[in-house]
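The structure under discussion appears below in the form of structure tokens.
Chain letters run A, B, ... following the sequence lines, proteins first, then strands; residues in each count from 1. Hydrogens, waters and symmetry mates are skipped; everything else that's a heavy atom, side chains included, is used.
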Amino acid sequence: MYSCGTTVYNYAHIGNLRTFTFNDTLRRWLRYRGFVLNHVMNITDVEDKIIRKSMELGIPMSEYTLKYEKFFLEDMDTMRMEKPEKIVRATEHIHEMVELIETLQTKGFTYDSDGSVYYRISKFPGYGKLSHHDFSGIQAGARVDNDEYDKDDARDFVLWKARKGEEPAWDAPFGVGRPGWHIECSAMAMKYLGDTLDIHTGGVDLAFPHHENEIAQSEGASGKPFARFWVHCEHLHVDMQKMSKSLGNIFTLRDLVELGHTPEALRFVLMSVPYRKKLNFTLESMQGAQTSIDRLRNYKLRIETAKLAAGTNEDVTKLAAEALAKFEASMDDDLNTAEALAAVFEFVRETNSLLDQEQFLEGNRAAALDLLARFDTVFDILGVRVAAGGIEDSAVEALITERTAAKKAKQFQRSDEIRKQLLDAGIVLEDTKDGVRWKRK
RNA sequence: GGCGCGGUAGCCAAGUGGUAAGGCAGAGGUCUGCAAAACCUUUAUGCACCGGUUCGACUCCGGUUCGCGCCUCCA
């Protein structure tokens, strides 16, 4: 599997993060179903914006890109995304790109213009198939180009850009310069995954022209189908509109954390809408997501700690089996995460009621926990990360013991004091009929 | 203009020829020394509008309307 990664010229925004969370969901579900993955994701670390910004700052391009690559990988980690088996940088595969361009030259798919090399789209009949673009009405050379490039056809795209000024460049048989964006993915995908990949993913906006161009390059060179499946993640919108600088509605993970939201809440929001649908992001939905996560975590805690009567309630066994079946069927159905989530919530509500009625028995505990564990294999939102330097579990337990004693002696002032002290340390107490339960906020 | 997506309760949102999942918010309740937390119940005679097909349509067909995206870099 190959995924178009990010261009490291700035912090990733939540739209980028949606696509990578989708990659992660797909990864995890394939693994859940027993597939062994070889997942490659690229990092674009040479490109117009990067060159311009690093030159403005007067620093080497790699210094600039490494900084944002680091932030990006940190964000992936914070969002609990699994790392692809390989993460590859464009600048470390210039040789492969040059070779691919040479192959295309030999096969007559290219032409030179002012030291740059272009792909001649009219040589590739299937162009436009993936994105349903019909170019039959466009005549070669009909469009009046701007001055920047001298192309024979508006559709043609650059494979190798001739060096301009002091920008970073590499030697190649066709002149000093740097690779075009599209050739990066073709070269790296084929190097690690062969001529034909099983799955190629990316954001919808990449379908045209990026993926269309990848197909033209790879299939032009190899003569074989490039990808068996193309899977595109729809965009995330903010308040019904695409994020853009002019609208000022771009959020990064760091922005949300500063507003007091958790990364898990974002993960939940991103996963609550199937990848193929547009997702309308609102800050209100972040709040709702957190409440939902807390509810699931409370349920898990309840199942783990409740005092249960011996025996097994077959109705619960049946409910758990049905919930798991629905969860798996939903995920199998083109990763319908919304339905999968619904299956779990339904089970939680039903079994919470049974717990209230003491109909949930000791023998049912394992099945419920197994469902949650399987759910969390994919969703990964139940585990709480303990902040470094936080209060130790044993200290919490000791204070709770003291508080319980104080309560028994009706020293409510002291018990409330302890409750407050723990709350300040991020520990929430819950008095239940089975005793005191606590959790980290 | 070309191609495509979508309009489902206050909000987010699944579904799809057989009579509306789920979450959040709201309302009511249970528990409790008080709280907090938690839990439960409840919330769309109707799925943008009009017409058609059908025993039956939110779901199919035709039309209308509104919103959005791609067609240049973009996850």
Task: Stepwise salt bridge (charged side-chain N to carboxylate O under 4.0 Å, His left out) check, A:Glu92 with A:Arg89 - done: CA-CA 6 Å; A:Glu92 290 169 3; A:Arg89 297 190 187 103; 2.8 Å; yes
Open item on the list: Can you tell me which nucleotide in B:A13, B:C73, B:G33 comes closest to the side chain of A:Pro274?
Closed with: B:A13
Task: First encountered from the 5' end of RNA chain B, between A:Gly5 and A:Ala342 - done: A:Ala342
Task: Check: A:His93 and A:Val88 side chains under 4.5 Å, non-hydrogen atoms - done: yes
Task: Heavy-atom donor-acceptor pair, A:Glu392 side chain to A:Ala395 backbone, under 3.5 Å - done: no
Task: Nearest-Å distance for atom pair CE/P, residues A:Met243 and B:C70 - done: 12 Å
- [ ] Sticking with atom P, work out how far B:G51 lies from B:G56, rounded to a whole angstrom.
- [x] 16 Å
Open item on the list: Taking B:G22 as the reference, what is the distance to B:G29 when you measure between their P atoms (whole Å, please)?
Closed with: 24 Å
TODO: Ignoring backbone atoms, test whether A:Lys277 places a side-chain nitrogen or oxygen under 4.0 Å from the OP1 or OP2 oxygen of B:G15.
DONE: yes
- [ ] Would you mind classifying the nucleic acid contact of A:Leu236 as base, sugar-phosphate or nothing, using non-hydrogen atoms under 4.0 angstrom?
- [x] base
Task: Closest nucleotide among B:A37, B:A35, B:G69 to the A:Val428 side chain - done: B:A37
Task: Spacing of A:Lys242 atom NZ relative to B:C70 atom P, expressed in whole Å - done: 4 Å
Task: Any-strand Watson-Crick or G-U partner of B:U65, both distances under 3.5 Å - done: B:G7
TODO: Take atom P in B:A25 and the same atom in B:C34, then report the distance between them in whole Å.
DONE: 25 Å
Open item on the list: From the set B:C40, B:A38, B:A14, return the single nucleotide nearest to any side-chain atom of A:Glu430.
Closed with: B:A38
Open item on the list: Side chain of A:Leu206 only, heavy atoms from C-beta on: which candidate in B:C68, B:A75, B:C70 is closest?
Closed with: B:A75
Open item on the list: Categorize A:Lys326 for me: base, sugar-phosphate, or nothing, with a 4.0 angstrom heavy-atom threshold over every strand shown.
Closed with: sugar-phosphate
Task: Side chains of A:Arg374 and A:Tyr32, donor plus acceptor under 3.5 Å - done: yes
Open item on the list: Taking the cut-offs as 6.0 angstrom to the six-membered ring centre and 45 degrees off its axis, would you call A:Lys123 and A:Phe109 a cation-pi pair?
Closed with: no
- [ ] Would you mind classifying the nucleic acid contact of A:Ser415 as base, sugar-phosphate or nothing, using non-hydrogen atoms under 4.0 angstrom?
- [x] base
Open item on the list: From CD of A:Glu339 over to P of B:A21, roughly how many Å is that when rounded to an integer?
Closed with: 12 Å
Open item on the list: Could you tell me how far apart A:Glu417 (CD) and B:A35 (P) are, to the nearest whole angstrom?
Closed with: 20 Å
Task: Residue met sooner reading RNA chain B from 5', once A:Ala343 and A:Phe20 are mapped to nucleotides - done: A:Ala343
Open item on the list: Mind checking if A:Lys439 touches a base, just sugar-phosphate, or nothing, with heavy atoms under 4.0 Å?
Closed with: sugar-phosphate
Open item on the list: Between A:Phe251 and A:Phe281, is the ring centroid distance below 6.0 Å?
Closed with: yes
TODO: Please state the P separation for the pair B:G62 and B:C71 - nearest whole angstrom.
DONE: 28 Å
- [ ] May I ask which nucleotide in the shown strands pairs with B:G17, Watson-Crick or G-U wobble, both distances under 3.5 Å?
- [x] none
Open item on the list: Would the distance check show the side chain of A:Arg120 and the main-chain N or O of A:Thr110 forming a donor-acceptor pair, the cut-off being under 3.5 Å?
Closed with: no
Open item on the list: By the 4.0 Å heavy-atom rule, please label A:His132 as base, sugar-phosphate, or nothing.
Closed with: sugar-phosphate
Task: From B:C73, B:A75, B:C68, nucleotide with atom closest to A:His237 side chain - done: B:C68
Open item on the list: Say we look at B:C61 and B:U53: how far apart would their P atoms be, to the nearest angstrom?
Closed with: 15 Å
Open item on the list: Check this one for me: any side-chain N or O of A:Asn336 less than 4.0 Å away from OP1 or OP2 of B:A14?
Closed with: no
Task: Spacing of A:Phe327 atom CZ relative to B:A14 atom P, expressed in whole Å - done: 17 Å
Task: Whether A:Phe412 stacks on the six-membered ring of B:G33 base, 5.5 Å and 30° limits - done: yes
Open item on the list: Under a 3.5 Å cut-off for both contacts, is B:U43 paired Watson-Crick or G-U wobble with anything, and if yes, with which nucleotide?
Closed with: none
TODO: Go through B:G23, B:C73, B:A21 for me and flag the one nearest to the A:Pro209 side chain.
DONE: B:C73
Open item on the list: For the P atoms, the ones on B:A9 and on B:A21, what distance do you get once it is rounded to whole angstrom?
Closed with: 14 Å
Task: Closest listed nucleotide, where the reference is the side chain of A:Arg419 and the choices are B:A75, B:A35, B:C11 - done: B:A35
TODO: Look through every strand shown and name the nucleotide pairing with B:G1 as Watson-Crick or G-U wobble, where both distances are under 3.5 Å.
DONE: B:C71
- [ ] Among the candidates B:G22, B:C40, B:G33, find the nucleotide nearest to the side-chain atoms of A:Lys407.
- [x] B:G33
Open item on the list: Once you measure the plane-to-plane angle for A:His237 and A:His235, does it fall in the parallel (<30°), tilted (30-60°) or perpendicular (>60°) bin?
Closed with: tilted
Open item on the list: Regarding A:Leu429, tell me which of base, sugar-phosphate or nothing describes its non-hydrogen contacts under 4.0 Å with the strands shown.
Closed with: base
Task: Aromatic plane relationship, A:Phe157 with A:His182 - under 30° parallel, 30 to 60° tilted, over 60° perpendicular - done: perpendicular
TODO: Check RNA chain B against residues 286-295 of chain A and give the residues with a non-hydrogen atom under 4.0 Å, in numerical order.
DONE: A:Gly288, A:Thr291, A:Ser292, A:Arg295
Task: Base-pairing assignment for B:A35 (Watson-Crick or G-U wobble, both under 3.5 Å) - done: none
Open item on the list: What is the distance, to the nearest angstrom, from the NZ atom on A:Lys278 to the P atom on B:C68?
Closed with: 11 Å
Open item on the list: Quiz question: going by heavy-atom distance under 3.5 Å, is there a donor-acceptor pair between the base of B:G6 and the side chain of A:Asn280?
Closed with: no
- [ ] Grab the NE2-P distance between A:His133 and B:G69 for me, whole Å please.
- [x] 16 Å
Task: Contact under 4.0 Å: A:Asn298 side-chain N or O vs B:C39 OP1/OP2 - done: no
TODO: Ignoring backbone atoms, test whether A:Arg437 places a side-chain nitrogen or oxygen under 4.0 Å from the OP1 or OP2 oxygen of B:A37.
DONE: no
Open item on the list: Strictly by Watson-Crick or wobble contacts shorter than 3.5 Å, is anything paired with B:C58, and which nucleotide is it?
Closed with: none
Open item on the list: Can you confirm whether or not the ring centre of A:Phe72 sits under 6.0 Å from the ring centre of A:Tyr68?
Closed with: no
- [ ] Answer with base, sugar-phosphate or nothing: what part of the nucleic acid does A:Gly15 contact at a heavy-atom distance below 4.0 Å?
- [x] base
Task: Whole-angstrom distance between B:G23 and B:G63, as gauged at atom C1' - done: 36 Å
Task: Separation of the P atoms in B:U42 and B:C24, to the nearest angstrom - done: 15 Å
Open item on the list: Using side-chain heavy atoms (C-beta onward) and a distance below 4.5 Å, is A:Glu417 in contact with A:Lys420?
Closed with: no
Open item on the list: Check the orientation of A:His211 and A:Trp230. Use parallel for under 30°, tilted for 30 to 60°, and perpendicular for over 60°.
Closed with: tilted
Open item on the list: Distance check needed: B:G4 P versus A:Glu212 CD, whole Å only.
Closed with: 14 Å
Open item on the list: What's A:Asp431 touching, base or sugar-phosphate or nothing? Going by heavy atoms closer than 4.0 Å.
Closed with: base
